[in-house]
Engineer: 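Okay, here's the structure, questions in a sec.
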2 protein chains.
Amino acid sequence: MTTRSGHSSALDWPDVAALLRRRNLRLTPQRRAVVAALSEFEGHVTATQLVERCTARDPHFVPSTVYRTLDLLQDLGLITHIHDADGHEEFQPAQEAPHAHLICRACGATREISGDELGDFVGQIHRRHHFDVDVSHLAIFGRCEVCGQS
Amino acid sequence: MTTRSGHSSALDWPDVAALLRRRNLRLTPQRRAVVAALSEFEGHVTATQLVERCTARDPHFVPSTVYRTLDLLQDLGLITHIHDADGHEEFQPAQEAPHAHLICRACGATREISGDELGDFVGQIHRRHHFDVDVSHLAIFGRCEVCGQS
DNA sequence: ATAGATGCAAAACCTTTGCAATCGC
DNA sequence: GCGATTGCAAAGGTTTTGCATCTAT
């Protein structure tokens with residue numbers, strides 16, 4: 001559940017290479033670029049954001065490569081995705097501690113809350129509905145403190 | 001919070017006409033058709049589903065009319081939408097009792113849970129994060145009873 | 001009559017796909 | 001060298017938009 005190396009928030013670099021090799025897949029400059037961009041945003045990134053950043057750095061970079069790489073990284077279990085307020089995919093490193101998101105409908109601000117905080121909630125849903133909540137994919141919409149009054 | 005007329009699940013027909021009139025907007029056959037389709041599906045409908053049904057009945061019906069009508073109905077506060085597992089919008093009558101959705105990642109089954117059940121959860125989030133949870137838009141992903149074991 | 005709605009067609013947007021050329025292993 | 005991967009270009013699907021025409025009121 002925890003990463004072996006020191007830093008935890010970004011993608012674990014060595015693991016990517018290892019997992020690729022194990023599957024006879026290749027570590028190309030483009031894949032490096034996507035992983036790099038992914039860890040720069042450190043948190044929740046849109047495919048579009050990744051495309052922008054990658055093409056900004058290398059004009060030859062094409063969107064399809066980003067999408068294919070994201071699919072691959074998901075297959076490898078290195079990233080996951082949730083859907084933001086507009087229904088667009090947001091990607092994030094999979095090895096982050098489980099957490100959910102509070103998303104303000106008014107200003108769009110997002111805030112993380114730890115999975116632990118949701119323990120009671122998860123337990124209750126399981127007890128009453130026999131349903132295992134996937135906390136990492138929980139997007140909770142509403143109004144934040146700032147926008148609450150207006 | 002409750003509807004005045006008897007049946008509760010479908011869109012409240014008279015209200016639509018009243019709200020439209022109040023804004024000097026018009027009750028066209030197309031809008032009737034969208035509302036009708038909306039209440040037939042009774043629950044969560046995709047824009048695409050509505051487009052299909054409406055065009056099936058009237059070949060002249062165009063998608064843009066459905067989208068424009070859905071926007072309008074949301075403005076009027078008659079419907080709301082959430083995002084399904086694929087990030088696509090699903091519309092539903094707004095006057096339904098507040099409820100959230102349990103969505104199984106494995107089989108796609110959705111199940112409603114009443115807003116009341118989430119009272120503690122909502123309260124806790126509010127207390128700790130000063131965030132007002134919009135229960136009706138809460139999509140809870142995970143694994144249902146059936147798929148949980150596999 | 002007149003403001004509001006529709007139909008149509010085009011565009012915008014994001015994502016996927018087929019295929020030849022390329023490049024990591 | 002072989003097979004995976006890329007770039008390109010085209011297609012896909014959904015949603016939006018402008019505008020002339022039409023219609024509910």
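The chains referred to below are lettered A, B, ... by the order of the sequence lines, with proteins before strands, and numbering in each begins at 1.
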Engineer: Would you find a donor on one side and an acceptor on the other, under 3.5 Å apart, between the side chain of Thr28(B) and the backbone of Arg31(B)?
Structural biologist: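 Present.
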Engineer: Taking the minimum atom-to-atom distance to the side chain of Gln30(B), which one of dG24(C), dT25(D), dG7(C) wins?
Structural biologist: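 Selected nucleotide: dG7(C).
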Engineer: Give the ring-plane orientation class for His101(B) versus His44(B), where under 30° counts as parallel, over 60° as perpendicular and anything between as tilted.
Structural biologist: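 His101(B) and His44(B): perpendicular rings.
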Engineer: Just compare dA5(C), dA9(D), dT16(D) and give me whichever is closest to any side-chain atom of Ser64(A).
Structural biologist: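 Looking only at heavy atoms from C-beta outward on Ser64(A), the closest nucleotide is dA9(D).
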Engineer: Are OP1 or OP2 of dG7(C) and a side-chain N or O of Thr65(B) less than 4.0 angstrom apart?
Structural biologist: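 Yes, because at least one side-chain N or O of Thr65(B) sits under 4.0 Å from OP1 or OP2 of dG7(C).
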Engineer: Measure from the side-chain heavy atoms of Arg31(B) and tell me the nearest of dT6(D), dT16(C), dT6(C).
Structural biologist: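 Minimum distance to the Arg31(B) side chain belongs to dT6(C).
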Engineer: Give the rounded distance in Å between these two atoms: CG of Leu70(B) and C1' of dA5(C).
Structural biologist: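 After rounding, the reported distance stands at 15 Å.
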Engineer: Between dG12(D) atom P and Tyr67(A) atom OH, what is the distance in whole Å?
Structural biologist: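 Atom OH in Tyr67(A) sits about 18 Å away from atom P in dG12(D).
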Engineer: When you measure from the side chain of Gln124(A) to the backbone N and O of Phe121(A), does any donor-acceptor pair fall under 3.5 Å?
Structural biologist: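 No: the side chain of Gln124(A) does not pair with the backbone of Phe121(A).
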Engineer: Taking only the side-chain heavy atoms of Thr28(B) (C-beta and beyond), determine which of dT14(D), dT15(C), dA24(D) contains the nearest atom.
Structural biologist: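 Nearest listed nucleotide: dA24(D).
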Engineer: Please tell me which of the listed nucleotides, dT16(C), dT15(D), dG7(C), lies nearest to the side chain of Asp58(B)?
Structural biologist: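 Within the option list, the nearest is dG7(C).
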Engineer: I need the CZ-C1' distance between Arg22(A) and dG24(C), as an integer number of Å.
Structural biologist: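 So the CZ-C1' distance, Arg22(A) to dG24(C), works out to 19 Å.
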Engineer: Any donor-acceptor pair under 3.5 Å joining the side chain of Arg68(B) to the base of dG7(C)?
Structural biologist: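 Such a pair is found, so the answer is yes.
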Engineer: Using heavy atoms to find the nearest nucleotide of DNA chain C for Asn24(B) and Phe61(B) separately, return the residue whose nucleotide is more 5′.
Structural biologist: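 Mapping each residue to its closest nucleotide by heavy atoms, the 5'-most match is Asn24(B).
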Engineer: Phe91(B) has an atom CZ; how far is it from atom P of dT15(D), in whole Å?
Structural biologist: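 The answer, rounded to whole Å, is 8 Å.
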Engineer: Measure from the side-chain heavy atoms of Arg26(A) and tell me the nearest of dG4(C), dC8(C), dT5(D).
Structural biologist: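 Taking heavy atoms from C-beta onward, the closest nucleotide is dT5(D).
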Engineer: Rounded to the nearest Å, what distance is computed from the CZ atom of residue Arg32(A) to the C1' atom of nucleotide dT6(D)?
Structural biologist: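 For the pair Arg32(A) CZ and dT6(D) C1', the rounded distance is 15 Å.
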Engineer: Using modelled atom types and a 3.5 Å cut-off, is there a donor and acceptor pairing between side-chain atoms of Thr65(A) and backbone atoms of Phe61(A)?
Structural biologist: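 Not confirmed, Thr65(A) side chain does not pair with Phe61(A) backbone.
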Engineer: Heavy atoms from C-beta onward define the side chain here; which of dG24(C), dT15(D), dT6(D) lies closest to that of Pro29(A)?
Structural biologist: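 Looking only at heavy atoms from C-beta outward on Pro29(A), the closest nucleotide is dG24(C).
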Engineer: Write down the distance between CD (Gln49(B)) and P (dT15(D)), rounded to a whole number of angstrom.
Structural biologist: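 Atom-to-atom, Gln49(B) to dT15(D), this comes out as 11 Å.
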Engineer: Rounded to whole Å, how long is the line connecting atom NE2 of His81(A) with atom P of dT15(C)?
Structural biologist: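 To the nearest whole Å, that distance equals 11 Å.
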Engineer: Starting at CG of Leu72(A) and ending at P of dT16(C), how long is that distance when rounded to a whole Å?
Structural biologist: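 The answer, rounded to whole Å, is 14 Å.
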Engineer: Starting from the 5' end of DNA chain D, give me the residue, His60(A) or Leu20(A), whose nearest nucleotide shows up first.
Structural biologist: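 Residue closer to the 5' terminus by nearest nucleotide: Leu20(A).
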Engineer: Would you check if there is a donor-acceptor pair between the side chains of His83(B) and Glu89(B) at a distance under 3.5 Å?
Structural biologist: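 Judged by distance alone, the side chains do not pair up.
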